[in-house]
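Order of the sequence lines fixes the chain letters, A, B, ..., with proteins taken first and strands second; residue numbering starts at 1 for each chain. Only heavy atoms go into these numbers, but all of them, side chains included; no hydrogens, no water, no symmetry mates. Predicted, not measured: the structure shown is a model, and the values here were computed from it.
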2 protein chains.
Amino acid sequence: MSLRFALLGLLAVEPGSGYALTQRFAQSLEKYAWHANHSQIYPELNKLAGDGLIEVIAEGARGSRTYAISDAGRDALQDWMLSPTRDSRVRSEEILRMFMLSALEPPLAQDLLRGYVERAARQRDEIRAIVAHIESEEDASSPTQFGRFAAEFGVRQYDAFLEWARWALARIERFQAEAGQGSGRGKRPSTTQ
Amino acid sequence: MSLRFALLGLLAVEPGSGYALTQRFAQSLEKYAWHANHSQIYPELNKLAGDGLIEVIAEGARGSRTYAISDAGRDALQDWMLSPTRDSRVRSEEILRMFMLSALEPPLAQDLLRGYVERAARQRDEIRAIVAHIESEEDASSPTQFGRFAAEFGVRQYDAFLEWARWALARIERFQAEAGQGSGRGKRPSTTQ
DNA sequence: CTGCGCATGTAAAAAGTTACATGATTGG
DNA sequence: CCAATCATGTAACTTTTTACATGCGCAG
């Protein structure tokens, strides 16, 4: 169901073709919220059009069709937005890898974490540059709003991740130092079966 | 593929049955990293055992089997951790809804956002309580580390979200104030209300 | 005149969800 | 003894991924 509403939401902001939507998906949604390939997007657009939630408002070169959301579509989107979120689950292979670090030997985990930190910092800086660019355009019209929201979200997300990663590094280090000292104050599980 | 490694990672920290793993999934992974139902977990455990990556180390009441990761499993997990992440995409219906807010009328978007802020703040406080509890146990053994990492991540994640939401609220407000004056840009969808 | 990007599709396979199904054990 | 929870599974369906497939239009 989410794919439908992702498409309706994108079309509510601005009309576009399947091709354009595929790109907008990749630009603003896939890193934080949802992702879909064109092979899933095209059939879903046809279904949405069949249900009268979107309409073809223009046909261009190479058989391209520009869709716009219909009034019924806007209603459906709003209903969905007002309905309770029944799924608060998240899928992210990157975060999964973070958590799995605790299964590795501490030195290896630290190495990996440091690499992640570096890449995350670089990516955050890239988004910051995008934000600066959008901001300089000074165009507060709807279409850019969407990307602006996503970009701001991304910056804050990366910042939070970086803080967490640094905290995790420090914790692993501390844990390792304690373990290295034979008689620590921490409990020794020894024969815990 | 991710499910395999999520299970291997959990078993690398501590052995457990399919039932126990289902619960650990729901506790520490599903809100931030990955989720799976028992109907997906049990068959995957059988496959992992068939591939020699995990082993049954105990059988208990009600036909329960406790699995532990094998040396081959540990190697497979490590290989995966060291391999480049080829998928940096995220799926989260909640975040999707956030982004779709820009498709709604500003006052409605603000109402919804305020509701989200309230719930997020409550959830963050709940995790903080869990963190405080884990911290008070003073038990630095591996099994708890996992949940501790996830909880810390959750707190920072919620904090970042809350900051973003407040920023978004302020921005919508400003945008609305500007639109209220002469600076009419963008389309105005029927003020028929 | 050719290669790249635009533009749309379908099919098969894998992954994930929901529903159905069963039985054991334990606490009240 | 009854309800809740433990514990495992399969089947049908939906969603998502990967691969295959085709053709137009433009810039160099």
Side-chain angles (χ1 to χ4, degrees), chain A residues 1-8 10-11 15-27 29-31 33-51 54-68 80 85-93 96, chain B residues 1-8 10-11 15-27 29-31 33-51 54 56-67 80 85-93 96:
Chain A
M1 275 295 96
S2 292
L3 175 63
R4 302 211 103 189
F5 297 108
L7 289 169
L8 280 178
L10 287 172
L11 288 175
S17 66
Y19 189 83
L21 287 165
T22 305
Q23 288 177 121
R24 282 205 255 157
F25 239 101
Q27 278 162 30
L29 287 184
E30 84 171 18
K31 292 206 73 167
W34 209 261
H35 58 98
N37 301 314
H38 78 270
S39 62
Q40 205 182 356
I41 290 171
Y42 287 116
E44 189 63 38
L45 285 172
N46 285 327
K47 265 199 251 173
L48 282 163
D51 294 346
I54 62 175
E55 285 159 7
V56 177
I57 55 162
E59 304 200 23
R62 277 156 289 186
S64 85
R65 291 183 297 282
T66 302
Y67 292 97
W80 178 72
T85 312
R86 74 209 190 304
D87 181 3
S88 64
R89 295 167 296 185
V90 173
R91 275 222 173 85
S92 162
E93 196 188 299
L96 178 63
Chain B
M1 275 295 95
S2 293
L3 175 63
R4 302 211 102 190
F5 297 108
L7 290 170
L8 280 177
L10 287 172
L11 288 176
S17 65
Y19 188 83
L21 287 164
T22 306
Q23 287 177 121
R24 283 206 254 157
F25 239 102
Q27 277 162 33
L29 288 183
E30 83 170 20
K31 290 206 74 164
W34 210 262
H35 59 99
N37 302 314
H38 78 270
S39 62
Q40 206 183 355
I41 290 172
Y42 287 115
E44 190 64 39
L45 285 172
N46 286 326
K47 266 199 249 173
L48 282 163
D51 294 346
I54 62 176
V56 176
I57 54 161
E59 305 199 22
R62 279 155 287 188
S64 85
R65 292 184 295 283
T66 303
Y67 292 97
W80 179 72
T85 311
R86 71 203 194 311
D87 181 3
S88 64
R89 295 167 295 185
V90 172
R91 276 221 171 87
S92 162
E93 197 189 298
L96 178 62

Intermediate values then yes/no, side-chain contact (heavy atoms from CB on, under 4.5 Å), A:Met1 and B:Glu93: CA-CA 10 Å; A:Met1 275 295 96; B:Glu93 197 189 298; over 6 Å; no
Nearest-Å distance for atom pair CG/P, residues B:Leu96 and D:dT15: 15 Å
Under 3.5 Å donor-acceptor, B:Thr85 side chain and B:Ser88 backbone: no
Check: B:Tyr19 main-chain N/O paired with B:Tyr42 side-chain donor or acceptor under 3.5 Å: yes
Rounded distance (Å) that lies between atom P of C:dT8 and atom CD of A:Glu59: 10 Å
Between C:dG16 (C1') and B:Glu93 (CD): distance, integer Å: 15 Å
Atom-to-atom span, CG of B:Leu21 to P of D:dC6 - whole angstrom: 14 Å
Inter-axis angle, terminal five-pair segments of the helix from C:dC1-D:dG28 to C:dG28-D:dC1 [nearest 10°]: 30°
Main-chain N/O of A:Leu10 paired with A:Arg24 side-chain donor or acceptor, under 3.5 Å: yes
Of B:Tyr19 and B:Tyr67, the one whose closest DNA chain D nucleotide lies more 5': B:Tyr19
Atom-pair distance (CD on B:Gln23; P on D:dA7), nearest Å: 8 Å
Any donor-acceptor N/O pair, B:Arg91 side chain to A:Ser92 backbone, under 3.5 Å: no
B:Ile41 vs B:Leu7, side-chain contact (heavy atoms from CB on, under 4.5 Å): CA-CA, chis, key distance, verdict: CA-CA 8 Å; B:Ile41 290 172; B:Leu7 290 170; 4.1 Å; yes
Below 4.0 Å: OP1/OP2 of D:dG9 and any side-chain N or O of B:Asn46: yes
Polar side-chain atom of B:Asn37 near backbone of B:Ser39 as donor-acceptor pair, under 3.5 Å: no
Distance test, side-chain N/O of A:Tyr42 to OP1/OP2 of C:dT8, below 4.0 Å: yes
Atom-to-atom span, CD of A:Glu44 to C1' of D:dT14 - whole angstrom: 12 Å
Reading 5' to 3' through nucleotides 16-25 of chain D, protein heavy-atom contacts under 4.0 Å coded B for base, S for sugar-phosphate only, - for none: SBBB---BBS
